[in-house]
Structures are given as structure tokens and as C-alpha cells.
Amino acid sequence: MSRTVWKCVLSALGLFGLIVLLRNITTEQNWRNHILAPPSEVQNWIQSSNLTGGLPAFTRSRSFCLHPDQPPSPEEELEERELLDSIDWPQPPPGSEPPTWSQTSDPAHSLFTIVPSKNGQGWYVGDQLEAVVRLHDFEGRPKRYGGDLLLARLRNAKYKAGVAGQVLDHENGLYSARFPLLWEGSAQVGLTLVHSSEAVAVLRRMREKRPDRVYFSSVFRRGNRSEKTECNVFLPRDRGPLCNLTDPRSGAPWYCYKPKTLNCDARYSHSMGGYAKNLISKKEALLFKRGKNVIVPIRASTTDTINVLPARTGSSSRQTDPVMLATSGYYYQDSWRPLGGVPMGRFDGASAITRCLTGMLVYMYGDSTLRQWFEYLLSVLPDVKKVNLENPKKSGPFMAVDSVHNILLEYRFHGPPIRIQPVMVSELRYIANELDGLTGGPNTAVVLGIWAHFGTFPLEVYVQRLRHIRKAVLRLLDRAPGTAVVIRTANPQEPRRAGSLYNNEWLMLQQDAVLRRMFKHVNVMWVDAWQMCLAHRLPHNLHPPRAIVKDMVDMMLSYVCRNGTRNYPYS
Ligand SMILES: *[C@@H]1O[C@H](CO)[C@@H](O)[C@H](O)[C@H]1NC(C)=O
Ligand SMILES: *[C@@H]1O[C@H](CO)[C@@H](O)[C@H](O)[C@H]1NC(C)=O
Ligand SMILES: *[C@@H]1O[C@H](CO)[C@@H](O)[C@H](O)[C@H]1NC(C)=O
Ligand SMILES: *[C@@H]1O[C@H](CO)[C@@H](O)[C@H](O)[C@H]1NC(C)=O
């Protein structure tokens, strides 16, 4: 066995030890930031393809050690272990797998109950509301273990108000959802079972064992010859010689099978290959039935609505309350009100945005959910002109300039893995490298949004990518401390995509927790897309509606123009 392999084995053992120790986590740490709704894949994503035909299941064997490229330092390994421990998720007890389907969580048989207010005095703004969920199986028997994914939110339709709730897994079939009470009047609890714990177990296995379930391809071209081969973060080595296309600077691993007649350096374009099929058994497929056990509302045992009275004096403060601390903001009258952080400005119309951005360079790096920000800005700023009009509509890269006010906007996709129509290899760039190429300073804003394309890989892939981006952000903030760095988090997707093995709320939430932890001590501004989308009255969408995109961009602008050196339109 090579040293690398041993390293992998040893760190796996270490991880196991830590998980055992940390099983005793206290309840507050167990609060998970679940919030409502989600997604998955449309049936037609499941195209058949000959590329993966007969691909053996990936295993963490020699050909699939997670750090073949640029092994992490001891500190990085420790951090990675702590990260993975921090998102440890309760699993069905050993021996309960595979359960008979009738013993899995059934939202239709499950109920939630609002916990009565203290001393029956009613609820006041500033209080907390708690609801207890009791999950049952399809035979109506109470579930005895946890690990289900629930999302919770509180809403008021009249005031167009909403806030995400925090869900605690008691690991015995009971869950608590807690909500901060932030407005007067009625508040309606919504609880949704996104995935049963049994489905989560399948997703977990997918994540570790089938990183090939989304695959990619590259065209290699020289003169009039061209060949297409399969590519991915990992490829089994026993199926032919590989091209090692690992990024030499950031160390991000990438491989393609070597074309038969061309050299590796003839790689010309990258694109989505397809979605592997037949990933789960017929029995397991029963765990992913939209409307049956994926994204199904849970009913209230009695009422789902309470009335909230005006705040009393001396009500609890945000500083100490864990639920308030976990809540990044709420919607009221359809406008997002962040709790804490930079006050939210309203940048309605071109002149407000132009005043803020005059003299600014704004670099946006990420997936299509960040491209929405670029497109939004372009649509409201008539003086900003897109420069590279001929670039592909989806992958860009794009640059737009307002030469009167000296505004530059740039959007660039992150490096592979990206599920995208063919993109030239010359345009595949890694964010860490791009950041190293920026001068930075008070006239520079960097916006990052990296999440949706990483869900099919073991978390280590995401951790490694973020680690390099974080290093580059720290270098940037060190050489140019005035640079504004903004991170957009993941968000839930539309229910019609529910149950997908490729893009999935559970996978996304796990990743999101890693992202937040890794940048916790870095001077960045967060745009909590997850809670915003959960709180908003509009249906969830992988690409959130324009109203929410506007609020996200307004938050970014509020931060960029926070120092009063720029005109700042407080609402
Ligand atoms: C875990 O918690 C239980 C009770 O909650 C306690 O009896 C046990 O000693 C704890 N174990 C460790 C390793 O802390
Ligand atoms: C897949 O391969 C088979 C033979 O190996 C061929 O008959 C079929 O047309 C191929 N399908 C596609 C979609 O390329
Ligand atoms: C691919 O290249 C990187 C360096 O660029 C190297 O660290 C890594 O070990 C190589 N991978 C394989 C499988 O040879
Ligand atoms: C491809 O190019 C070579 C020389 O560059 C030429 O001899 C050959 O006929 C070309 N083939 C086709 C199919 O055009």
C-alpha cells in the first residue's frame, strides 16, 4: 500500500473515533438549520448514456483516495475531521436497514402540536414558539429513531411575512421546531418532511459510493480529428489510461480518460455528460416518492396558527437566544429584514445602485444562482453594457461596463465540476486562481456562490475546494483589506425536483453547513439564500424568483457601500 493510501485509512479511523466521542453532543448543538422545501431531479435529467455503462461502484479504494492531489496539512486534516463531525447526522440504528417500507416515516400519519405558551399567557413579539413533531410510519406506529429531514417556517399571508424555523432532532421520532416571533398578529406554522431518515441513509450512501452519478465529458481536438471521453473528479483507473488534468495551482483534481488517438493537451471543451441510472433498488425507490414521503406537509394535531401580541418590555435579547442567533432575518411586507449585521438598504432603481457602485469593480464567481445577480444588475442598470456578447448565455464569462460611472461587473463560472453545455477549456477557471489575480481594495467587491454542482461528491471534495478558495480570500484580504467579500449560500429547490439523487436538499444542507463553518472566522458578508427562500411566500426554486434576487443583491450592496463613503439609501 502506498503512503497516500495509508493516510486515507488512518484518517478514516481517526474520524470514526471522533464520531463516537461526539455522539453525545448537547441539544443546542444539535439544532439544525433546516428550513423548508426542496428538490431534486426532473425525470428527464435521467438520460441514459453509454458513457457509464457497466461502471463498477466507486469505492474508497486505491483508485479513489480523496486527496490524491496536494495532500492536506495536519491542521487541514484536523479541520476536515471536525467539519465532518460537526455535520454528523443521526442514522437509523444498525439492523434496521433495510427496513420494510411500511416501517419508514410517513408524513400523512405524522402530526405536530404547538407547545402552549408559558403559563397560558399567550405569545408576544420577542418570544419563541415551539412545535413538537411526532413522526409515525406507514402503519401508524411511532418512529423510534431520528435522522429525518424536516423544514420549518412560520408565515403570515396578510403581512407577507415569514421566517425560517430551527429543527431539533431528539433522535427518538420526536422533533422540536422553534421559531422567533417577530411580528404582531397571526403566525402559521408550516412543517414539511423533506426526506425520511431511511431516504437520508440512501443519500448518504450515494454521496460516498457513487460520485460518478453525474458524469462529464471533454472533447479533444487536433486538426480535423476529434474524440470525446468521460471526465470526473475521480475515475476508476482500471478502465483505461487517464489524463491528469488536476489544476497545478489550486490542486483541484480533475481527470479524463485519455483519447485513443490524441494527446491529453488536445482537450478542447468541457460539458455535462449525463446522469447515471439505476442507482437504487426498486425497494429504495419507494423512499423517494414525491407527494408520499418527499416534501410533504405534516398536519397539525389541532391548530397550526397562533396570535402574537405586541412586545412586552424586557423581552429576550438576540444576543443570548440560540434560535434568534440562528435566524439571519425574516420577511415582512415582502421585504427582507436581516437580524444583525449591516443594516439593509433598499436600492430601488438604477440611480440608487449606480450611486453605490460608482468606481467599483464587482467580481462574481460561482454557479448559475450567482449569474442571476449579474443578470439582475444588468437588467436594472441601463448604463451598464455587456461587453462579450458572443459568449455562451449560460456559462459566460461575462463582463459589463458603465464607462461614465466607472463600474465594472464580471461574472465567471467556478471551475469543474460544472454541469453545463460545452464550454471552452480556456474558460474553465478556478476561483482561487482568479482571486489571486485581483488587486483588491475598497473599490473591489468579490461575490462567491459555490454549491449546486458539488452535491454528487463526497464532502471532502467540497471541503478541499473551499479550502483553496478560503486561502485565496485570506490572501486577498491581507493584501487589500478594504475588499468586500460576500458569500451567497445554497437555497432549496422547486418541489417538482424533489427526491433527486443528484441535487438534493439533504446533500445541499450538509454542504451548506460546511461552507458556513469554513468561512466563519473570515471577514465576509453572508447572504443567507437558504433562509430567505424558506421565509419568502413564493414557491422554492433552484433559481429563486427575481423578488428574492433583488433582496440578495440589495444586501450585497448594503455591505459594499456600508462605510458611508458611498451614498447609502437606508430604507
Ligand atoms: C453521554 O451521555 C450520557 C447521558 O446523556 C452519559 O451517561 C454518558 O456518560 C455520556 N458519554 C460520554 C462519552 O460523555
Ligand atoms: C449505446 O451502445 C449501444 C451498443 O453498445 C448502441 O447500440 C446504442 O445506440 C448506444 N446508445 C447511445 C445513446 O449512444
Ligand atoms: C495528478 O497530478 C497532480 C499534480 O498536478 C498530482 O499531485 C497527482 O498525484 C496526479 N494524480 C495521479 C492520479 O497521478
Ligand atoms: C484530415 O487532415 C489530414 C491532413 O491534415 C488529411 O490528410 C485528411 O484527409 C483529413 N481527413 C478528413 C476526413 O478530412
Side-chain angles (χ1 to χ4, degrees), residues 19-20 22-25 27 29-40 84-112 131-152 165-177 191-210 279-281 283-299 455 459 492 498-501 504-513:
I19 288 175
V20 171
L22 290 175
R23 285 309 298 188
N24 257 11
I25 24 185
T27 42
Q29 282 173 304
N30 238 359
W31 283 90
R32 290 171 206 284
N33 201 15
H34 303 176
I35 315 179
L36 179 66
S40 269
L84 299 181
D85 290 343
S86 74
I87 55 163
D88 184 29
W89 190 271
Q91 308 201 40
S96 72
E97 297 168 78
T100 66
W101 182 69
S102 63
Q103 288 164 9
T104 66
S105 307
D106 176 14
H109 272 103
S110 302
L111 291 171
F112 75 84
V132 174
V133 188
R134 156 96 356 261
L135 288 190
H136 291 85
D137 65 17
F138 281 90
E139 292 171 9
R141 284 175 311 216
K143 293 293 298 284
R144 295 287 172 216
Y145 51 83
D148 304 82
L149 174 56
L150 301 175
L151 290 183
Q166 308 296 316
V167 177
L168 175 66
D169 185 348
H170 296 288
E171 302 193 28
N172 57 4
L174 288 171
Y175 293 79
S176 297
L191 274 155
T192 303
L193 177 78
V194 181
H195 282 302
S196 64
S197 51
E198 294 83 8
V200 168
V202 174
L203 293 169
R204 184 196 304 263
R205 193 189 75 218
M206 282 299 110
R207 182 176 71 192
E208 307 309 321
K209 301 275 200 265
R210 293 302 302 262
L279 294 164
I280 54 176
S281 68
K283 201 165 140 194
E284 287 170 336
L286 295 173
L287 300 170
F288 294 91
K289 292 279 177 219
R290 220 166 301 168
K292 194 152 188 111
N293 50 14
V294 176
I295 318 249
V296 182
I298 293 172
R299 283 173 302 127
L459 276 165
S500 163
L501 300 174
N504 181 285
E505 258 47 32
W506 183 75
L507 296 169
M508 291 305 154
L509 265 175
Q510 291 252 292
Q511 260 185 217
D512 199 52

Atom CD of Glu139 and atom OG1 of Thr104: how far apart are they, to the nearest 0.5 Å?
9.5 Å
What orientation do Phe138 and Trp101 show, parallel under 30°, tilted 30 to 60°, or perpendicular over 60°?
parallel
For Pro92 and Ser197 the tightest heavy-atom approach is CG-O, 3.9 Å
Give, for atom OG of Ser102 and atom CG of Leu286, the distance between the pair rounded to the nearest 0.5 Å.
10.5 Å
Mind checking the CG-CZ spacing from Leu174 to Arg144? Nearest 0.5 Å is all I need.
9.0 Å
Nearest 0.5 Å, please: how far is CG in Leu279 from CG in Leu501?
5.5 Å
Is the shortest side-chain heavy-atom distance between Val202 and Trp506 below 4.5 Å?
no
Report yes if the side chains of Arg207 and Leu459 come closer than 4.5 Å at any heavy-atom pair, otherwise no.
yes
What residue among Val200, Leu193, Val167 forms side chain to side chain contact (heavy atoms under 4.5 Å, CB included) with Asp148?
Leu193
4.5 Å side-chain heavy-atom contact, Asp106 and Asp137:
no
Is there side-chain contact between Arg205 and Ile280, with heavy atoms separated by less than 4.5 Å?
yes
Are any non-hydrogen side-chain atoms of Val294 and His195 less than 4.5 angstrom apart?
yes
Given side chains that start at C-beta, do those of Arg141 and Gln103 come closer than 4.5 Å, heavy atoms only?
yes
Do Asn293 and Ser196 have side-chain N/O donor and acceptor atoms under 3.5 Å apart?
no
Measure across Ala152 and Ala177 and return the closest heavy-atom pair with its distance rounded to 0.1 Å.
CB-CB, 4.0 Å
If every non-hydrogen atom of Ser110 is compared with every non-hydrogen atom of Ile298, which pair is closest and at what distance?
O-CG2, 3.6 Å
Where the side chain of His109 meets the backbone of His136, is there a donor-acceptor pair that is under 3.5 Å apart?
no
If I take atom CG from residue Asp169 and atom CG from residue Leu150, how far apart are they, to the nearest 0.5 angstrom?
8.0 Å
Would you say the side chain of Leu191 lies within less than 4.5 Å of the side chain of Tyr175, judging by non-hydrogen atoms?
no
Salt bridge or not between Lys283 and Glu198? Use side-chain N to carboxylate O under 4.0 Å.
no
Arg134 and Asn172 have their tightest heavy-atom pair at NH2-O, 3.7 Å
For the atom pair CG (Leu203) and CH2 (Trp89), what is the distance rounded to the nearest 0.5 Å?
11.0 Å
Is the side chain of Arg204 donor-acceptor paired with the backbone N or O of Gln91 at a distance under 3.5 Å, no angle test?
no
Return yes if some donor-acceptor pair links the side-chain N/O of Ser176 with the main-chain N/O of Val132 below 3.5 Å, else return no.
no
Which pair of heavy atoms, one from Gly455 and one from Met508, lies closest together, and at what distance?
CA-CE, 4.0 Å
